[in-house]
Q: 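I am attaching a structure below and will ask some questions about it afterwards.
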Amino acid sequence: MEQKKWWLDGVGYIIYPQSFLDSDGDGFGDLNGLRSKLDYLHDLGVNILWICPLFDSPMDDGGYDVRDYYKINPLYGSDEDFSRLIEEAHARGIRLLLDLTLNHTSIEHPWFKKALAEPSSEERGYYFIRKGRRVDGKLLPPNNWESFFFTSAWENIEGTDDFYLHLFSPKMPDVDWSNPKLRERYHAIARYYLDRGIDGFRLDAIAHIAKAPGLPDSPKPIDATGYVLDVDMYSNRDEVLDYLKEFDERVFSAYDCLVVGEAGGCISPERALKLVNRKSGPINMVFNFDCVWQNGGWESIGKKKEERQLDLVNLKRNFLRWYQVCHAEADMPLYWCNHDHPRVLSQYGSKQFRNESAKCLLITLLFLYGTPFIYQGEEIGMANPDYPSIEDYYADPGERSEVPGFRKRGYSEEEILDYLQRTSRLSGRSPIPWNRGENGGFTTGTPWLKLGEEYKHGINVLDEMNDPWSIINFYQYAILKRRLPDLNETVLNGELQFIDIDNPDVFAYLHDGTEKLMVVSNFRPYEVKFDFYWRIKDVVLHNYDSVLLDNHTFTLRPFESFLLKV
Ligand code: NOJ
């Protein structure tokens, strides 16, 4: 009999460590801060933590620029702190997934340093180092590829005609997975951490680890940056499957571990299924990006408000599409946002209806098919902090390189600030306020990134816990329900049907399993009517204190949401 996978009755939680809790006053969250909150997380009901990178790093990109995979980032603590974290998490039944960056290292990684210093070294072959092109005496990059950080994907190596490839920040050179020696290095790193007792990985940017052979120019038209963001050249190519299969054969398959890949680059569910198929896929799940940014926020600088409304039908259809292709053969994760997005409350919810919309978003996500992952701070209804100046957003390398382009294209300072406030991923990284004391109790020092102002007005963990109707208390109760064996069984095995999928305002679905579970959620900040012809056996979760159902029509108030047994 196939062994039951432990993540199938789990609820995940995403930790951005530098913003979680600082225990030593240096302004950065750390492992001991996190360890001191394991009871908090346990009480919340989550039992799988995906922790963003913990390795030694110069922190150009929040630790995704790794300097030493075998060393814990001193900002976060020591190796002993890490061992203690594993031990104490496990003692509470909490499993840990480390975030492993496979697509690039830091420029400060010894491999890269050696690659530059010794052109004949093995490490030179770990990276993409190529000669630039001389055109009319001008030195140009080897090809026209654009990085995800809005510049050429190539950086010149000073004093030479050589360039190195970086799909992300120029301080993060891409590594070459077609090189078997490089792949072995990563196998060893993964084995090392699994042997230390961690329970799996979130694999960063796996979509991009294979590049078009020969690194040719993209034939597509160049965009405003002067380059081409062409996912066909460096995303979701067939070799990704080969590399991960080898990784599985040599490493993952020997452990009872969960491996979740981050698959951007417009991956289709059909292609993703090859990676995560329970029988033949090398990893267990992928995070896709199809359910984020359904509010027109992506690349929305200069777009009018009317063009930036939540397209609920599309959102539902994306969930459905992935479900239809994958559910019979694969496990799936569910999430609204992570450290790469603005806060979901500001995207799909409403600050005006904070309590209602935070609960509505939770109910809607929690009972879809898959293993839910909550992003830190969602449980207290955190919204974007709306920092007052453009420079406040420069803590992110992506924003630093994006803003000059906007200025060149003539956008006003107000337009740029408005855009950053709405869309910057730094918004999701503002530190967690634990109370209404100084810096929200996050640190006794100067926080690496400012907190928003809201914690002073009750949006903090302590105030939330003290309010019986709060978001956090609702989270606790809802997660408890989600993990009940009979409900879990229905969610995972009962057929999922979307009800009135073309309804532009209401997100409703039914699981037809051992139980019949139905979610009905109004995603608008105004009242809407919804026809309803089922017999309600039980109201399991609800974010208002009365039910307006008359003659088979629900009157749903702003962000009203139900989980019903019918
Ligand atoms: C995805 C990570 O989630 C993001 O934060 C990072 O900037 C890129 N990958 C590059 O590692």
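Just so you know, ligand 1 is whichever comes first in the structure, and atom 1 is the first atom listed for that ligand. Just so you know, these numbers come straight off a predicted model, no measurement behind them.
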Q: Measure the distance from atom 11 (O) of ligand 1 to every protein heavy atom, then report the residue, atom name and distance (to 0.1 Å) of the closest one.
A: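 Result for atom 11 (O) of ligand 1: Asp204 OD2, 2.7 Å.
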Q: Determine whether the side chain, the backbone, both or neither of His166 has a heavy atom under 4.0 Å from any heavy atom of ligand 1.
A: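 It is neither part, as no heavy atom is under 4.0 Å.
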Q: Could you find the nearest protein heavy atom to atom 3 (O) of ligand 1 and give me its residue, atom name and distance?
A: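 The closest one turns out to be Asp340 OD2, 2.4 Å.
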Q: Has Arg202 got any heavy atom lying under 4.0 angstrom from an atom of ligand 1?
A: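 A heavy atom of Arg202 does come that close to ligand 1.
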Q: Ring centres of Phe287 and Tyr335 under 6.0 Å apart?
A: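 Close enough - the centres of the two rings lie under 6.0 Å apart.
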Q: Do Lys211 and Trp145 form a cation-pi contact, if we require the NZ or CZ to be under 6.0 Å from the six-membered ring centre and within 45 degrees of the ring's axis?
A: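 No.
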Q: Please list the nearest protein heavy atom to atom 6 (C) of ligand 1 with its residue and the distance rounded to 0.1 Å.
A: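 The closest one turns out to be Asp61 OD2, 3.4 Å.
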Q: Determine, using ring centers only, whether His109 and Tyr126 are less than 6.0 Å apart.
A: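 Here the rings of His109 and Tyr126 have centres that are no less than 6.0 Å from each other.
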Q: Looking at His104, which atoms of ligand 1 are within less than 4.0 Å of one of its heavy atoms?
A: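 Under 4.0 Å from His104, ligand 1 has these atoms: 10 (C), 11 (O).
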Q: Examine Tyr393 together with Tyr387 and report whether their ring centres are nearer than 6.0 Å.
A: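 Ring centres of Tyr387 and Tyr393 closer than 6.0 Å.
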Q: With a sphere of 6.0 Å drawn around NZ of Lys220, does it hold more than 12 non-hydrogen atoms of other residues, nucleotides or ligands?
A: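 Yes.
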Q: Check for me whether the distance between the ring centres of Phe289 and Trp298 falls short of 6.0 Å.
A: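 No, they do not, as the ring centres are separated by 6.0 Å or more.
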Q: Tell me which part of Arg429 gets within contact of ligand 1: side chain, backbone, both or neither, using heavy atoms under 4.0 Å.
A: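 For Arg429, only side-chain atoms sit under 4.0 Å from ligand 1.
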Q: For Glu262, counting its heavy atoms only, list the atoms of ligand 1 lying under 4.0 Å from any of them.
A: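 Reading through ligand 1 atom by atom, the close ones are 1 (C), 3 (O), 9 (N).
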Q: When rounded to the nearest 0.5 angstrom, what is the spacing between CZ in Phe319 and CG in Asn314?
A: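 Answer rounded to 0.5 Å: 11.5 Å.
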Q: Can you list the ligand 1 atoms lying under 4.0 Å from a non-hydrogen atom of Arg425?
A: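 By the 4.0 Å cutoff, the relevant atoms are 4 (C), 5 (O), 6 (C), 7 (O).
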